[in-house]
Amino acid sequence: MRWSEAFIPTLREVPAEAELISHQLLLRAGMIRKLAAGIYIYLPLFQRTLLKVAQIVREEMNRQGAVEITMPVLHPAEIWQETGRWDTVGKELIRLKDRHGRDLVLGPTHEEIITFLVRGELRSYRQLPINLYQIQVKFRDEIRPRFGLLRGREFTMKDAYTFDATEESFKKSYQKMIDAYFAAFNRCGLETVKVESDTGAMGGKSAHEFIVLVDTEGGESLIFTCSNCDYAVHSDRASFKEAAPPSEKVLPYEKVHTPNVMAAEEVARFLKLPVQKLVKTMIYKTDNGFVAALVRGDREVNLVKLKNLVGSIEMDMAGTEDVQRITQAPKGFAGPVGLAGLEIIADTEVAVLPNFVSGANEGDYHIKNINTGRDFKPSRVADIKVAVEGEVCASCGKGKLKASRGIEVGNTFSLGTKYSVSLKATFLDEKGGERPFIMGSYGIGITRTAQAAVEKFHDADGIIWPKTIAPLDVHIVPVKMEDAQQAEVAERLYRAFNEAGIEPLLDDRKERAGVKFKDADLIGIPVQIVIGDRGLKEGKLEFKVRKTKESSTAPIGEAVPYFKKLWETI
RNA sequence: CGGGGUGUGGCGCAGCCUGGUAGCGCACCUGCUUUGGGAGCAGGGUGUCGGAGGUUCAAAUCCUCUCACCCCGACCA
C-alpha cells in the first residue's frame with residue numbers, strides 16, 4: 001500500500017469527542033471516523049486489521065469444525081415475536097417498517113434466524129452436532145453509545161450457534177468453542193480471562209465471558225479472580241463465602257428515635273453501632289409490582305442478581321411517592337418489620353444477622369434488635385448483594401477475591417432448549433422421539449477486539465499493533481522522497497517485500513522527515529525501515545521496531561531476510 | 001429516561017455575559033528558504049455562526065422551540 005494512494009487522515013490534535021486512549025488513537029491514526037453516535041466508518045488501515053482479526057477467528061472456528069454461513073441483517077418481526085424477544089430485548093432492538101407497513105428489525109444477534117433455518121432442515125440426531133457461524137454486522141440501539149467501537153450501535157461480530165442432541169454432546173461442543181476462543185485471542189496477541197457471567201437478555205442456562213484485562217477506564221467489565229484457585233467471575237454474578245454471623249443473645253425489639261437520620265452510615269454513627277449491624281431496606285419497582293430488598297448496611301444490592309431472582313426484565317428503584325405509600329413513612333425510614341403488600345427479599349447475610357437495626361416505617365424512628373423470623377418473615381432469602389474485593393472465594397473457601405477491570409471481547413452461552421422450544425425446532429432421536437435441539441451461542445466482537453488491542457498496546461507516540469493484526473507488516477519511510485536515490489531504493493524495497501508476501505506501507509509523500517516519523521509511530525506498524533542519506537552512504541537501511549524503538553541496520557540487498565529475522569523476535 | 005454541557009471554516013477553539021455585521025491556532029493552496037522527529041517567512045482561499053421562529057434599526061450574541069453530539073447518572077432509603 002502506498003500512502004499517497006491510500007486514505008490515512010492522521011490528526012495531530014486529540015479529537016474532543018474521545019476520552020478513551022484507544023478511541024483517541026484510532027481517530028488520530030486515521031483508522032476510523034464517526035458517522036453518528038456509535039456508528040463508525042472503518043478506513044483502509046483499520047479495515048485491514050479487522051480483516052485480519054476476522055480471518056484469525058475464522059481459522060480457529062473452522063479448526064473446531066464450525067462452518068461459515070451468512071444470515072440476513074434484516075429480520076421479519078414475527079420470528080422475534082415467536083421467541084418473545086420482540087418484547088424482552090426492549091429498546092435495544094432497532095425496529096423499522098417496510099413500505100407495506102410490516103414490522104422488521106435490524107438483527108442484534110441471530111438465535112431466531114439460525115433456529116428458523118435449522119428447524120426446517122435438520123430432522124435427525126444423525127445430523128448432529130452442528131456448529132454454524134457467521135461474521136456479520138449487528139445493530140443494537142445502545143442506551144448510551146460510548147468509548148468508540150467498544151459500545152457502538154453498529155458493530156461486527158462473529159456469532160456461532162451449536163445444535164446438539166444430548167447434554168454430553170453439547171458439553172463437547174461448548175468446550176470446542178472455549179478452545180477456539182483462547183486460541184483466537186492468543187493469536188491476536190491478547191491474553192484473556194474466562195469468567196462466569198450473567199445470561200442477560202440472552203436467557204438460557206449459563207454463560208461465560210472472555211475478558212481482556214486493562215488498567216484504564218476502558219475496562220467496563222468488573223471481574224473477580226481468586227488468589228488461590230482458578231475461580232473467575234463477572235461482578236454481575238460474583239458471590240463470596242460469607243463470614244459466620246456474630247453469636248449473640250437475641251435481644252428484645254426496641255424502637256428508637258432517630259430524628260432526621262436516614263442513611264445507613266449516619267444511623268450507625270448516631271446509634272454508635274457498626275454499620276454491619278444496620279440493614280438497608282430498598283424498594284424496587286419490577287415488571288410485576290414492587291419488592292423490598294434487604295442487605296446489610298455496608299453492602300449494596302446487586303441488581304442483576306435481584307432481577308434474575310424475581311424474573312423481571314426492568315427494575316428500578318421506587319420513586320419517593322411509591323416508597324411513602326408502601327412504607328407509610330417518609331423516604332429514609334423503610335424497614336422490614338410490619339412491611340406488607342409486597343415481596344420481601346432478604347440477603348443471606350441479613351437472614352442470619354442477629355439484633356440488627358432498620359427503619360421503623362415511621363418518620364424519624366428506627367428499630368433495634370430486629371431478628372429475622374421473630375420480627376418479620378422474608379418471602380425469600382437469597383444472595384442479592386454485590387461482591388467486593390478481599391472477600392473469601394466462594395469456590396475454594398481459601399483464597400481472597402481480587403477485582404480487575406477488562407474489556408469483554410467474547411462470550412459463550414449455554415442456551416439449553418429456550419429457542420428450540422419456543423420456535424418448535426426439534427429432531428428425532430434414536431428411538432424416534434421428538435426432542436428440541438440443545439443449543440449454544442457464541443460471540444466474538446471483531447471491532448471491539450481490535451480496539452481492545454489498541455487499548456492494551458500503545459505508548460505516548462501511538463498504537464503498537466500486535467504483529468498478527470497490524471494493518472501492514474512493514475512501514476518504509478524514505479526521509480526525502482525528492483531524493484532520486486532514496487526514491488529508487490524505496491521503490492525497490494516496496495517491490496521486494498510485496499514479492500516476498502510481506503505487506504509494506506510505502507510513505508511516498510513529499511513530507512518532511514519529522515512528519516513521517518510521527519505518523520509512523522502513530523499508526524503503529526510493527527517494523528519501520530528508514531531510508532536516508534546517513535544509511536545510504538554505506539549502502540544500509542535503518543530498521544526500527546515500533547514496540548521497543550530499537551534501531552539496527554542492514555545492507556539494502558538483505559532487507560527482506562533481515563526483516564524476517566527481526567519479525568521472529570517481535 | 002433524568003441531570004449537566006457543547007454546537008462558530010476540515011480539526012481544536014475564542015467571541016456570547018454587556019447586540020453593531022466573525023476571529024485565533026493547526027490543516028489546506030501558491031512562492032521562496034529549509035530538510036533525520038509534526039519547519040520559517042510572505043501571500044491566499046475557506047463560514048447559510050446546528051436548524052426554525054421571535055424580539056430589535058441591527059442577532060453568533062437576547063427569547064422560544066427543535067435537532068445533533070458529548071459527559072455524568074439511571075444502585076443504596
Side-chain angles (χ1 to χ4, degrees), chain A residues 9-20 23-24 27-28 30 33-39 90-91 143-148 217 235-236 258 260-267 275 278-285 292-307 314-320 322-324 326-327 329-336 339 347 357-361 363 366 384-386 460-462 477-483 486 507 509-522 528 530-537 542 544 549 551:
Chain A
T10 58
L11 300 173
R12 186 193 300 218
E13 290 174 272
V14 179
E17 69 186 58
E19 81 232 77
L20 209 61
H23 187 194
Q24 291 174 358
L27 287 165
R28 286 191 56 212
R33 283 295 181 265
K34 188 175 74 173
L35 176 64
I39 305 176
K91 291 175 185 145
I143 184 167
R144 188 178 157 201
R146 64 182 130 179
F147 302 143
E217 284 308 300
S235 58
D236 283 348
T258 51
N260 218 16
V261 181
M262 289 173 260
E265 279 89 35
E266 292 173 30
V267 177
V275 72
L278 271 286
V279 164
K280 297 192 279 199
T281 304
M282 250 90 69
I283 315 277
Y284 288 93
K285 188 175 183 178
L294 270 48
V295 293
R296 221 167 65 181
D298 58 327
R299 301 296 188 195
E300 293 178 3
V301 171
N302 181 323
L303 270 189
V304 173
K305 288 182 184 175
L306 190 59
K307 271 189 196 177
E314 295 291 327
M315 180 164 299
D316 278 307
M317 297 199 69
T320 307
D322 288 325
V323 171
Q324 286 176 358
I326 290 162
T327 64
K331 189 174 164 177
F333 298 94
L339 199 58
D347 182 64
V357 177
S358 198
N361 298 321
H366 279 76
I384 54 167
K385 64 194 162 302
V386 167
D461 293 310
V477 185
V479 165
K480 194 177 183 184
M481 203 57 194
E482 293 90 331
D483 182 299
Q486 287 187 25
D507 191 347
R509 294 176 298 171
K510 293 185 171 56
E511 281 287 354
R512 299 168 62 84
V515 173
K516 292 187 174 188
F517 293 150
K518 286 287 185 190
D519 276 344
D521 288 346
L522 182 58
Q528 299 168 12
V530 178
I531 303 169
D533 288 335
R534 289 179 191 170
L536 289 189
K537 267 186 276 183
E542 287 168 55
K544 192 178 111 183
K549 300 243 164 117
S551 277

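Chain naming here is simple, since letters A, B, ... match the order of the sequence lines and numbering starts at 1 in each. Below, all heavy atoms of this structure are taken into account, side chains as well, without hydrogens, waters or symmetry copies.
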Handout entry: Closest-nucleotide ordering on RNA chain B, the 5'-leading residue of A/Arg12 and A/Lys480
Key = A/Lys480
Problem - Interatomic distance where CG belongs to A/Asp298 and C1' belongs to B/C75 [whole Å] - result: 15 Å
Practice task
Taking the side chain as every heavy atom from C-beta outward, state whether A/Lys385 and A/Arg296 have any atom pair closer than 4.5 Å.
Solution key: no
Problem - Whole-Å distance separating the CE atom of A/Met282 from the P atom of B/A74 - result: 13 Å
Practice task
Would you mind classifying the nucleic acid contact of A/Val530 as base, sugar-phosphate or nothing, using non-hydrogen atoms under 4.0 angstrom?
Solution key: base
Handout entry: Approximate separation, where rounding is to 0.5 Å, of A/Met262 CE and A/Asn260 CG
Key = 4.5 Å
Problem - Shortest non-hydrogen contact from A/Ser358 toward A/Pro336 - result: OG-CD, 3.5 Å
Problem - Closest nucleotide among B/U34, B/G38, B/C71 to the A/Lys518 side chain - result: B/G38
Exercise for the section: Return the nucleotide paired to B/U30: Watson-Crick means purine N1 to pyrimidine N3 with N6-O4 or O6-N4, wobble means G-U with N1-O2 and O6-N3, both under 3.5 Å. Expected result: B/A42
Exercise for the section: Using the C1' atoms only, state how far B/G38 lies from B/C75, rounded to an integer number of Å. Expected result: 46 Å
Problem - A/Arg299 side-chain N/O to B/C76 phosphate OP1/OP2 under 4.0 Å - result: no
Problem - Residue A/Asp316, side-chain atoms from C-beta onward, closest of B/C76, B/G38, B/A74 - result: B/A74
Problem - Any strand: nucleotide that pairs with B/C65 via Watson-Crick or wobble, under 3.5 Å - result: B/G51
Exercise for the section: Quickly work out the A/Ile39 CD1 to B/C70 P distance and round it to whole Å. Expected result: 10 Å
Exercise for the section: Consider the side chain of A/Arg512, meaning its heavy atoms from C-beta on, and name the nucleotide among B/C70, B/U34, B/C71 that approaches it most closely. Expected result: B/U34
Fill in the blank from the handout: Closest of B/C26, B/G38, B/G36 to the A/Glu13 side chain is B/C26
Handout entry: Gap between atom CG of A/Leu27 and atom CZ of A/Arg33 - 0.5 Å precision
Key = 6.0 Å
Problem - Complement of B/G20, any strand, by Watson-Crick or G-U distances under 3.5 angstrom - result: B/C57
Practice task
Select base, sugar-phosphate, or nothing to describe what A/Glu19 touches, counting heavy atoms under 4.0 Å on all strands.
Solution key: sugar-phosphate
Exercise for the section: Report which part of the nucleic acid A/Met262 touches: base, sugar-phosphate, or nothing (heavy-atom distance under 4.0 Å, all strands). Expected result: sugar-phosphate
Problem - Comparing A/Ala16 and A/Glu265 on RNA chain B - which has the more 5′ nearest nucleotide - result: A/Ala16
Exercise for the section: Quick one: label A/Arg28 by what it contacts on the DNA or RNA (base, sugar-phosphate, nothing), any heavy atom closer than 4.0 Å. Expected result: base
Handout entry: Residue A/Glu17, side-chain heavy atoms: nucleotide from B/C70, B/U35, B/C71 that is nearest
Key = B/C70
Completion exercise
Distance col, row A/Arg299:CZ vs A/Ile384:CD1, nearest 0.5 angstrom, shows 12.0 Å
Problem - P atoms of B/G50 and B/U8, separation to the nearest Å - result: 6 Å
Exercise for the section: Select base, sugar-phosphate, or nothing to describe what A/Arg534 touches, counting heavy atoms under 4.0 Å on all strands. Expected result: base
Exercise for the section: Using a 4.0 Å heavy-atom cut-off across all strands, classify A/Ala318 as base, sugar-phosphate, or nothing. Expected result: base
Problem - Same-atom distance (C1') from B/U61 to B/C16, integer angstrom - result: 4 Å
Problem - P gap between B/G5 and B/G9, integer Å - result: 22 Å
Handout entry: Phosphate contact (B/C76 OP1 or OP2) by A/Lys385 side-chain N/O below 4.0 Å
Key = no
Practice task
Sticking with atom C1', work out how far B/C13 lies from B/G20, rounded to a whole angstrom.
Solution key: 24 Å
Exercise for the section: Rounded to the nearest angstrom, tell me the gap between atom CZ in A/Arg146 and atom P in B/A68. Expected result: 19 Å
Completion exercise
Winner on side-chain proximity to A/Glu300, out of B/C75, B/A74, B/G38, is B/C75
Practice task
Return the minimal non-hydrogen interatomic distance between A/Pro478 and A/Asp507, and the atom names on each side.
Solution key: CD-O, 3.3 Å
Exercise for the section: Scan A/Val267, A/Asp298, A/Val295 and name whichever one has a side chain to side chain contact (heavy atoms under 4.5 Å, CB included) with A/Lys280. Expected result: A/Val295
Problem - Whole angstrom value for the distance that separates P of B/C13 from CG of A/Leu11 - result: 12 Å
Handout entry: Any-strand Watson-Crick or G-U partner of B/G25, both distances under 3.5 Å
Key = B/C11
Exercise for the section: Output the single nucleotide from B/C70, B/C71, B/A77 whose closest atom is nearest the side chain of A/Ala37. Expected result: B/C70
Fill in the blank from the handout: Per atom distances to the A/Phe517 side chain, the nearest of B/G37, B/G38, B/C70 is B/G37
Exercise for the section: Might you point out which heavy atoms bring A/Arg28 and A/Pro15 nearest each other, and give the distance in Å? Expected result: CG-CD, 3.8 Å
Exercise for the section: Indicate, with a heavy-atom threshold strictly under 4.0 Å, whether A/Asp521 touches base, sugar-phosphate, or nothing. Expected result: base
Exercise for the section: Go through the N and O atoms of the side chain of A/Glu542 and the base of B/G36, and report whether any donor-acceptor pair is under 3.5 Å. Expected result: yes
Practice task
Looking at every strand, decide which applies to A/Lys544 at a 4.0 Å heavy-atom threshold: base, sugar-phosphate, or nothing.
Solution key: base
Completion exercise
Separation of B/C76 atom P from A/Met315 atom CE, nearest Å, is 15 Å
Practice task
Could you check whether A/Lys516 gets within reach of a base, just the sugar-phosphate, or nothing at all, counting any heavy atom under 4.0 Å?
Solution key: nothing
Exercise for the section: Determine which nucleotide pairs with B/A74, using a 3.5 Å limit on both distances of a Watson-Crick or G-U wobble pair. Expected result: none
Handout entry: Span that lies between the C1' atom of B/G43 and that of B/C65, in whole angstrom
Key = 46 Å
Practice task
Counting heavy atoms from C-beta on, name the nucleotide in B/C28, B/G38, B/C76 closest to the side chain of A/Glu511.
Solution key: B/C28
Exercise for the section: Identify which nucleotide among B/G38, B/C75, B/U34 has an atom closest to any side-chain atom of A/Leu303, counting heavy atoms from C-beta outward. Expected result: B/C75
